[in-house]
Amino acid sequence: MVLDPQLPAHLAHWGIDVMRMEKSEKSMAELEIDQNLSLEFDKITEAGAALQPLTGPGYVGLVNLGNSCYMNSVLQVLWALPELRSRYVDAAAAIYGSAPQDPSSDFAAQFAKIGTALLTGNTKAPPPAPAPVAAPAAAAAAGEGAAAAGAADGPQPMSCEAEGVETEGGSQAGVQGQQGSGHSVKPQAFKSLVGRGHPEFSSGRQQDAQEYFGHLLEVASRAEHAAGARLAAAAVQEGSDAVPQAGQASLEGPTARLFKFGTEDRIQCGVTGRVAYISSESTCLGLHIPLEAAENLADLQRYQERQQKRQKVKGEEAEPGAAAAAAVTAATKHEEEEARVVPRVPFSACLAGYAGDSLVEGYYSLAAGKNTQAIKRTRFSSFPPYLLVQLQRYYTDDSWQPRKKEVEVPAPQHLDLEGLRGQGLQPGEQLQPDDGPSATQTATANPSAATPSTTPPPPTADETIVGQLVSMGFTANASRRAALAVGNSNADAATAWACEHMEDPDFNDALPEPAAAEAAGAAGGGGGAAAVAAAQPSIPEPSPDSLAMLAAMGFTERQARGALAACQGSMERAADWLFSREGDLEAAVEAVLGGGGAGGGAGVAGPDAAAAAGPAAGPAAAPLPLLDGPGRYELLGIVSHIGANTGCGHYVAHVKKDGRWAIFDDEKVAASEAPPFDRGYLYLYRRCE
């Protein structure tokens, strides 16, 4: 070994500037990461297979606008739903005719434009080069001439329809070029509209496809609510011959209703044995992947041992010689030839973890009158027409860095969940009381004192958790809010909650004092004009911009004022507040604003109050019930992710159309030979009627 303290200067004599050079040799960790990504990329994109390109209606690609593959994959899967075609594509002419003066801000028009391009092939672009077949060339040219001649009589037919392109890649199907850009759509206006006002989806960064799916459904629900009868009338106008019966029922509500399902949480007190049933709704079924349930644990352990031995051989500082070089070469060759072994977890294990019993710490039992342990079990109360399943492959490691689980979970093409349907209260079960044991006697003797005597003591934040969050840089008020929001469970959950709610306007505000909250509740419960008058000055004046944005969604000024008052002026939270209370919205607004309907109540004063309330005087519309049916499904689409975490990498979609799987990799579309059933991130199942 020779040490040269002036090595940079000596190398500079020969024109080598080591200070500007970069490392080119990869470490073992970098080589393993590259191997993992290569394996995952090959499996998901079906690299190496001679895939048959597809073009024509239903097989149109979407151009990547720069880290927009998450949006492209979600749109390709969504537009496989016939219900969306019935609502937007079949009624596109009526939607365009009723669009506002600026259609770039109209979600219905932009969504219909995307669907029309994808499902009909009308991309307003030159058709891709046809397959080099001599016989049909004249017929294809004649078809193009007929299309050009008929353009003056009506709407110009799309090029692929004029050629009679089949959607199965048959003998008449056009063949895409190697670059895949001959027949695709550039959804720039749609991406800008849906991402407008969102800190992440309005940027050019890579995003989580599941989060975008939920955001898109929320934007669609708001737009459809604001459109009112416009979409319903357009859909009915076009008829319903090609739409299933379940799709016809879905036209009565927002598109998100197709994915919304109900869950039933059964919580049993560990002391008294009494139960409580809590109902909730969701549009995505998230499944945790238990790595300990892998079927190939023994093979995985042996593979890891072999990998450690190879690394040891490569890392040995042996004397130069033929034997040492041969050992390293043999180890490297064997490593390249051996297939990588990753955990393989059955899909049933993920479902078992979701439906199994879990222990709940710190559960307040009204029957026992104290905090106890409880057993929680989740079941379905309804099954939607389409079930979106998310395999939770991503997590945060000990250093708070996002990571991805390298695991295979073979998803079944047919799924039966009827065994997980909830049955409600069973014979022999006793419900938790709504109030304490002495509620009836106390309320009879002194109604005003009933609530304080039966309400459990207000929870307090765990100072240990608060201290850990404060040490991370959060304020004391924010740390207490986070600890209470997760029920003082642990510091990790509180930190995750704090990171998700850092943008809340009241994130760093002090929590209300228990005495003040009880006094406010007593004043509200006591009723009377004095209590309402005393509460009105505390309602802040909402922002005119927020009122205008909520009014554009189809809500009255009074409803917007009530929502903003309930959400401390946050427009985003106010919109969620309004949409979550559509079934009994007027009662919720009345509870917030008080008796402002006449005589100048809170929020809307004077003689204009009744006018601002609009249809509030009539009875509130009953909420639409959840769509329900048999819990048997077949797989319709897969969204897969390639990369170390959701903030980077690439998304690819696989969709089953006409009994055949197709791969949608941005603008490239081809027939799929081996869909990645075990590598998917999102799985969309369609209910079997």
Side-chain angles (χ1 to χ4, degrees), residues 217-233 250-257 260 262 279-281 434 451 520-627:
L217 289 185
E218 181 180 354
V219 172
S221 299
R222 295 178 180 177
E224 290 164 355
H225 181 274
R230 174 185 167 199
L231 289 177
S250 68
L251 294 176
E252 300 177 5
T255 300
R257 191 165 174 241
K260 187 172 293 186
S279 300
S280 59
E281 298 176 358
D434 294 334
T451 302
V532 175
Q536 286 180 12
S538 64
I539 299 179
E541 181 65 22
S543 167
D545 295 338
S546 298
L547 287 175
M549 294 183 69
L550 292 176
M553 299 179 188
F555 297 102
T556 65
E557 182 182 353
R558 177 175 172 78
Q559 293 170 346
R561 286 180 178 271
L564 291 170
C567 300
Q568 292 78 42
S570 173
M571 201 284 297
E572 292 79 7
R573 292 170 57 193
D576 296 335
W577 189 90
L578 289 167
F579 283 107
S580 63
R581 291 164 174 79
E582 286 184 338
D584 198 10
L585 181 57
E586 294 305 329
V589 172
E590 185 70 16
V592 174
L593 297 181
V604 182
D608 297 334
L624 292 173
L626 295 175
L627 298 176

Practice prompt. State whether the side chain of Glu224 and the backbone N or O of Thr255 hold a donor-acceptor pair below 3.5 Å, judged by distance alone.
Written response: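 Flag set: sc Glu224 to bb Thr255 pair under 3.5 Å.
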**Asked** Between Val589 and Thr556, does a side chain to side chain contact (heavy atoms under 4.5 Å, CB included) hold up when you go through it step by step?
**Response** CA-CA 11 Å; Val589 172; Thr556 65; over 6 Å; no
Quiz item: What do the steps show when you test Glu281 against Arg257 for salt bridge (charged side-chain N to carboxylate O under 4.0 Å, His left out), and what is the final call?
Solution: CA-CA 11 Å; Glu281 298 176 358; Arg257 191 165 174 241; over 6 Å; no
- Task: Calculate, to the nearest 0.5 Å, the distance between atoms CZ and CG belonging to Arg561 and Leu593 respectively.
- Result: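 Answer rounded to 0.5 Å: 9.0 Å.
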Checking side chain to side chain contact (heavy atoms under 4.5 Å, CB included) between Gln559 and each of Leu564, Leu550, Leu578, which is the one that passes?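 With Gln559 as partner, Leu564, Leu550, Leu578 yield a single side chain to side chain contact (heavy atoms under 4.5 Å, CB included), made by Leu578.
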task = Assess whether side chain to side chain contact (heavy atoms under 4.5 Å, CB included) is satisfied between Trp577 and Val592, documenting all intermediate values.
result = CA-CA 12 Å; Trp577 189 90; Val592 174; 3.8 Å; yes
All side chain to side chain contact (heavy atoms under 4.5 Å, CB included) counterparts of Ala223, not counting sequence neighbours: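 Per chain and number, Ala223 pairs via side chain to side chain contact (heavy atoms under 4.5 Å, CB included) with Phe107.
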